[in-house]
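Only one structure is covered here, and it is reproduced in the block below.
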Protein chains: 2
Amino acid sequence: MKKVSISDIARKAGVSVSTVSFVMNDKAVKMRISREVIEKVENVAREMGYRPNQLARGLRTGKTKTIGLIVENISNAFFASMAKTIEDEAKKYDYKVVYCSTDNDETKARELISMLSQRQVDGYIITPTLGLAEEIRKLQAENKPVVLIDRYFPEHEEIPSVLVDNYAGVTEGMEYLINKGYRKIALVTIEVDMAHMHDRLQAYYDTLKKHDISVDPRLVKQVPYGYVREAALEEIEDFFSGDGKDSDAVFFLTNYLGVLGIETTKKMNIRIPEDKAMLCFDDNDIFRLYTPTISVIRQPICEIGQQAMTALIERLRHTGTEALPENAPVKLSAELVPRDSI
Amino acid sequence: MKKVSISDIARKAGVSVSTVSFVMNDKAVKMRISREVIEKVENVAREMGYRPNQLARGLRTGKTKTIGLIVENISNAFFASMAKTIEDEAKKYDYKVVYCSTDNDETKARELISMLSQRQVDGYIITPTLGLAEEIRKLQAENKPVVLIDRYFPEHEEIPSVLVDNYAGVTEGMEYLINKGYRKIALVTIEVDMAHMHDRLQAYYDTLKKHDISVDPRLVKQVPYGYVREAALEEIEDFFSGDGKDSDAVFFLTNYLGVLGIETTKKMNIRIPEDKAMLCFDDNDIFRLYTPTISVIRQPICEIGQQAMTALIERLRHTGTEALPENAPVKLSAELVPRDSI
DNA sequence: TACGGTAGCTAAAACGATTTAGTTATCTTT
DNA sequence: AAAGATAACTAAATCGTTTTAGCTACCGTA
């Protein structure tokens, strides 16, 4: 059984294709289609179960009512919740979201953008990888709005973004640790190739300095990107039995690292907070449920999603001549959630 | 700046649109396009950054190289991992996946199917809700292949599916508990409106009977669907301080319920396994990391995803006259992972 | 009586690809 | 030298919509 097309409806209702189109798009009144014809068409369409072909519609109008969401990894809790809010938010504006994961791989990210672009999405929300700025500029040049989330390009202020104040967040966490008397604070981070991670790291250094605590470079552990779980676990374990051994607290700079951290401390029988206090950037179900519960710097996930969507919609609606929306980054604040691990 | 279309390439290369199309689709040799023209076209296309418009292509060919994946909730760990495998798997066959969540709401599920159908996806992988069989039959009638995962319609064997042997899984768990000496085994489930949950519940009853343990209906707790987190937590807490109080073990029939269970036992200071042993259907990071680690019946997520994809591809390739692939449900087995909670 | 206006539709182009059926020029063959 | 074959392309239809421009009756007015 083939799908019903607009001309099937036209034939059955005894009118032209244009008339059906007008009726289906609520332009019937404007086009002075008579009451009877409108009803006739509506009835036939309902009976035959007509659903307009969005490919054809998109081809003709140039709008697909679809936005592309590119995140690092959709199976990571942070991005999964984010995706869910964005999807719900998009629905309010009658947009559909299609999402994909870069796995933080620049090549893959490029491919994804290309794929979404070929599918003619109307706009993009992107968690960028390194080196993606050029590609994003091209999208903007094609008049496709883009909003960055979570990460940004300091040298490209013309790309709108919704960010968390990473520097302030880490500073708040560090102040808290120092206030509680911790002095030998270890830091576990991934490669700081992008600005948001650099901001977090910088806040660590600056807060230590501010309190006249000498910075011990051996207390800072960088886990390289692209390591599989097991390799990353080993790295952290090595750190805890080597350079990081006599730290009295450890600050994990991402949610994923924090989970690995829990796994390692559990395996090594490191007691929290007796042997080591623990703090993590970004929340996770596990942190709330683990014994002891783990303190975190929580990012306002819903708000990020909402603001990103608002910013995008604003730009999608901006057709032509009115004043351009501001491109200044939206900066939200992350909040310290103290729990038993400190 | 407008996008480059095939006719832009044709004009610049001084050939016809058809020629460009042949070159871009590797039909140049078959169509006897000369070496020089092929190179010319390829160069122009590369220089101008030509990317074919998939809407136009899909409209013409009737194939979008896209499959729709409908799950219950993409932010649930089980479905998130599943989605990731399916996406990776699809990529191998050069398909793109677009996914969406039903939140187990029949109306929403219908809308999602309708939306995907309007966007002309080539095939579907669906975690169905109650009452979705009719809608799915319609897709099949339109020659759009569908594969069910996780859930099924016992009265509709003609819809292919990839399932876990829920009955055997729960039986294995129950046998294990009984072997370890537990006799007052409580069960926490969601509404058993669909067959897969009914199978799990039935296995509970049957195993008890087999071991001549009397079934105490008060030990079976059903948490209604659609309850928000807090309400569901309260239900479980009430159960643990009421009817379920003197059970010596508790079996949670879904991953989500298990997480709520952990939260509740933690709050109520129920010691595991001293006060109560715990077992959960379906794994989760938390169960592996919690203290004590929680025993689970693990579903083979990757295999489900792979098999579903294989089954779908087989049907997508099946154009016309050859033998139809078998529709018999693929049944995989779930595996008991014993940990410290029992 | 002729003209303008309007109500109520329809024809046809366009969007960007794919694909079938030609067309033209050159080359073989007899 | 005529006919057929082949190499190397192209024209035009098509997919299912939207949208602009236009057509046809009929009515009112001067």
Side-chain angles (χ1 to χ4, degrees), chain A residues 2-42 44-45 48-66 117-122 142-143, chain B residues 2-42 44-45 48-66 117-122 142-143:
Chain A
K2 278 284 290 169
K3 267 194 187 162
V4 184
S5 82
I6 198 171
S7 55
D8 295 328
I9 307 296
R11 197 167 319 122
K12 184 120 177 210
V15 297
S16 76
V17 164
S18 347
T19 304
V20 178
S21 175
F22 294 140
V23 173
M24 300 316 288
N25 291 289
D26 291 327
K27 291 184 177 154
V29 172
K30 204 174 103 199
M31 287 292 139
R32 308 188 190 133
I33 308 298
S34 67
R35 195 71 241 136
E36 313 112 74
V37 171
I38 294 181
E39 271 165 22
K40 174 86 187 165
V41 169
E42 279 173 347
V44 173
M48 301 186 71
Y50 172 64
R51 308 264 118 192
N53 180 326
Q54 298 295 336
L55 297 187
R57 195 200 279 253
L59 178 58
R60 173 63 229 236
T61 62
K63 301 273 157 243
T64 53
K65 282 283 180 181
T66 301
S117 156
Q118 288 188 51
R119 284 184 159 73
Q120 318 295 121
V121 303
D122 296 341
E142 281 171 13
N143 255 315
Chain B
K2 276 286 289 173
K3 267 193 189 164
V4 184
S5 82
I6 197 170
S7 56
D8 295 328
I9 306 298
R11 198 166 320 123
K12 185 122 177 210
V15 298
S16 76
V17 164
S18 345
T19 304
V20 178
S21 175
F22 294 140
V23 174
M24 300 317 288
N25 291 287
D26 291 327
K27 291 183 177 155
V29 172
K30 204 175 104 196
M31 287 292 140
R32 309 189 188 131
I33 308 298
S34 67
R35 193 74 240 135
E36 312 111 74
V37 171
I38 294 181
E39 270 165 23
K40 173 87 185 163
V41 169
E42 279 171 347
V44 173
M48 301 185 74
Y50 171 64
R51 307 264 116 192
N53 180 325
Q54 298 295 337
L55 298 186
R57 192 201 280 253
L59 179 58
R60 176 62 231 242
T61 63
K63 301 274 157 244
T64 53
K65 283 282 180 182
T66 301
S117 155
Q118 287 187 52
R119 284 182 160 75
Q120 317 295 122
V121 303
D122 295 340
E142 281 171 12
N143 256 314

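Keep in mind it's a predicted model, so treat the numbers as computed, not measured. Proteins get letters first, then strands, A, B, ... in listed order; numbering begins at 1 in each. Atoms considered below: every heavy atom in the structure, side chains included; atoms not considered: hydrogens, waters and symmetry mates.
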Other residues, nucleotides and ligands only: do more than 12 of their heavy atoms fall within 6.0 Å of NZ on A:Lys12? no
Contact check, side chains of B:Val23 and B:Glu42, non-hydrogen atoms, under 4.5 Å: yes
Tell me whether A:Asn25 contacts the main-chain N or O of A:Lys27 through its side chain, where contact means a donor paired with an acceptor under 3.5 Å. no
Near DNA chain C, counting only heavy atoms under 4.0 Å, which residues of residues 25-37 of chain A show up? A:Met31, A:Arg32, A:Ile33, A:Ser34, A:Val37
With the threshold set at under 4.0 Å for non-hydrogen atoms, list the residues of residues 8-19 of chain B touching DNA chain D in residue-number order. B:Val15, B:Ser16, B:Ser18, B:Thr19
Are any of the side-chain heavy atoms of A:Ser21 and A:Ile6 separated by less than 4.5 Å? yes
Within-4.5 Å side-chain heavy-atom neighbours: A:Lys3 and B:Glu142: yes
Closest non-hydrogen atom pair, B:Lys63 against B:Asp122: CA-OD1, 3.5 Å
Nucleotide C:dT18, atom C1' - distance to CD of B:Gln54 in whole Å: 12 Å
Exceeds 12 heavy-atom contacts within 6.0 angstrom, atom NZ of B:Lys40: no
Rounded distance (nearest 0.5 Å) linking atom CZ of A:Arg57 with atom CE of A:Met24: 8.5 Å
Quantify the bending of the helix from C:dT1-D:dA30 to C:dT30-D:dA1 as the angle between its end axes, each fitted on five pairs, to 10°. 80°
Going by atom type alone, with no hydrogens or angles, which donor-acceptor pairs under 3.5 Å involve a side-chain atom of residues 28-36 of chain A and a protein atom two or more places apart or on another chain?
unit_1, atom_1, unit_2, atom_2, d
A:Ser34, OG, A:Val37, N, 3.4
A:Arg35, NE, A:Glu39, OE2, 3.4

Given side chains that start at C-beta, do those of A:Thr66 and B:Arg119 come closer than 4.5 Å, heavy atoms only? yes
Heavy-atom closest contact (A:Leu59 atom, B:Ala56 atom, distance): CD1-CB, 3.9 Å
All N/O contacts under 3.5 Å from nucleotides 13-16 of chain C to the protein, with atom names and distances to one decimal?
unit_1, atom_1, unit_2, atom_2, d
C:dA14, N3, A:Arg60, NH1, 3.2
C:dC15, O2, A:Arg60, N, 3.4
C:dG16, N2, B:Ala56, O, 3.3

Write down the atom of A:Met48, the atom of A:Val4, and the distance for their closest heavy-atom approach. O-CG2, 3.2 Å
Between B:Val44 and B:Ala13 the two heavy atoms that sit nearest each other are CG2-CB, 4.0 Å
For A:Gln120, does its backbone N or O pair with a side-chain atom of A:Thr64 as donor and acceptor, under 3.5 Å? yes
Tell me, please, the opening and closing nucleotides of DNA chain D, 5' to 3', among those with an atom under 4.0 angstrom from a non-hydrogen atom of chain B. D:dA7 to D:dG16
How far does CG of B:Leu55 sit from CG of A:Asn53, to the nearest 0.5 angstrom? 9.5 Å
